[in-house]
Amino acid sequence: MQSEALRGSGLLPAAARAEMINRLRRQGILRQDVLATMEKLPRHLFVDEAMANHAYSDMSLPIGFSQTISQPYIVARMTEVMLNQNVKLSKILEIGTGCGYQTMVLSKFADKVFTVERIKGLLDKTRQRFRDFSVNNIRNKFDDGMPGWDAYAPYDGIIVTAAAPELPQALARQLKIGGVMVLPIQARNKQILCRVERNQEGVHIEQLEPVQFVPLLNGVIK
Ligand code: SAH
């Protein structure tokens, strides 16, 4: 079944993944733990079956409801930025669960991942996927993630997988001192991936590179 879905690419999933990992290395991903995790995770099971033969390509893909799974490079890059900090990652908050691929990657590095998604239909599918993978350290919520998830704050890390018009202050407040938030911020006609570190005085924002994400939106879709 799994190899069936990938037939169009002429590669078995493991071979397609190995190819993806080599490409990520060439693209500058340095952390072996991130590469090893992505090499094991069957990304083709997170996208629509019709798209499975592109699952390991260097592109974002539709996941339904007009949303997209980020390209492998972006997932690797955001995870790497999240891991390159001094605090131990006991709790991570993710805004924008989508198909749950980034969530699953993060779940290998944190004690607990909390994730929020505003589209009910999308989250329902992803919840089933989490059950299929028998992960037990991901807690999810159907809600607007803009205000964060106060009940479990503060977080060691926060990742936002949709582009915010500006730094969401509510999220910054839920970050631990020394914690890092990784997110795309919309600046005029382009988006920049940013690393935000909270310190005693406030936050320090570092711009990393241009990216392309779907927008972070208010409210929920039932
Ligand atoms: N990490 C996901 C990316 C999905 S795209 C993946 O790899 O599949 C971004 C997601 O953010 C979409 O599912 C979108 O519905 C969600 N999103 C956008 N604004 C949001 C908000 N305010 N709260 C929660 N989720 C949001």
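Everything numeric in this text was worked out from a predicted model, so none of it was measured. For ligands, and for the atoms within them, numbers begin at 1 and follow the listed sequence.
- Taking the six-membered ring where tryptophan is involved, the planes of Tyr56 and His44 are tilted, since the angle between them lies from 30° to 60°.
- Using a 4.0 Å heavy-atom cutoff, Thr126 is absent from the residues neighbouring ligand 1.
- Taking a cut-off of under 4.0 Å to the non-hydrogen atoms of Ile95, the atoms of ligand 1 that pass are 23 (N), 24 (C).
- Looking at Phe130 and Thr103, their side chains come closer than 4.5 Å, going by heavy atoms from C-beta outward.
- Residue contacts with ligand 1: Thr103 is excluded, as none of its non-hydrogen atoms falls under 4.0 Å.
- A salt bridge between Asp144 and Arg118 is absent, with no side-chain N of the basic residue lying under 4.0 Å from a carboxylate O of the acidic one.
- Residue-ligand proximity, Val214 to ligand 1, at heavy-atom distances under 4.0 Å covers atoms 5 (S), 9 (C).
- For ligand 1, the atoms closer than 4.0 angstrom to any heavy atom of Thr161 are 1 (N), 2 (C), 3 (C), 5 (S), 9 (C).
- Among all non-hydrogen protein atoms, the one lying nearest atom 23 (N) of ligand 1 is Gly145 N, 2.7 Å.
- Below 3.5 Å of separation, one finds no N or O of Ile69 facing any N or O of ligand 1.
- Interface atoms of ligand 1 facing Ile119, defined by a heavy-atom separation under 4.0 Å, are 15 (O).
- Counting heavy atoms under 4.0 Å from ligand 1, residue Gln67 touches it through the side chain alone.
- Here Asp111 pairs with Lys88 in a salt bridge; the nearest charged N to carboxylate O distance falls below 4.0 Å.
- The protein atom (non-hydrogen) at minimum distance from atom 19 (N) of ligand 1 is Leu217 N, 3.0 Å.
- Of all atoms in ligand 1, listed by their number and element, those nearer than 4.0 Å to a heavy atom of Leu122 are 13 (O).
- Between Tyr152 and Phe114, the ring-plane angle classifies as parallel under the 30° and 60° cut-offs.
- In terms of protein heavy atoms, atom 13 (O) of ligand 1 is closest to Glu117 OE1, 2.7 Å.
- Atoms of ligand 1 found under 4.0 Å from any heavy atom of Ile63 (numbered from 1 in listed order, with element): 8 (O).
- Salt-bridge check for Arg129 with Asp132: failed, with every basic side-chain N at 4.0 Å or more from each acidic carboxylate O.
- With ligand atoms numbered from 1 in the order given, ligand 1 contributes 22 (N) to contacts under 4.0 Å with heavy atoms of Met146.
- For the pair Pro215 and ligand 1, a heavy-atom separation below 4.0 Å is found.
- For ligand 1, the atoms lying closer than 4.0 Å to a non-hydrogen atom of Asp144 are 21 (C), 22 (N), 23 (N).
- The side-chain contact (heavy atoms from CB on, under 4.5 Å) with Leu61 is formed by just one residue from the set Thr68, Asp48, Ile69; it is Ile69.
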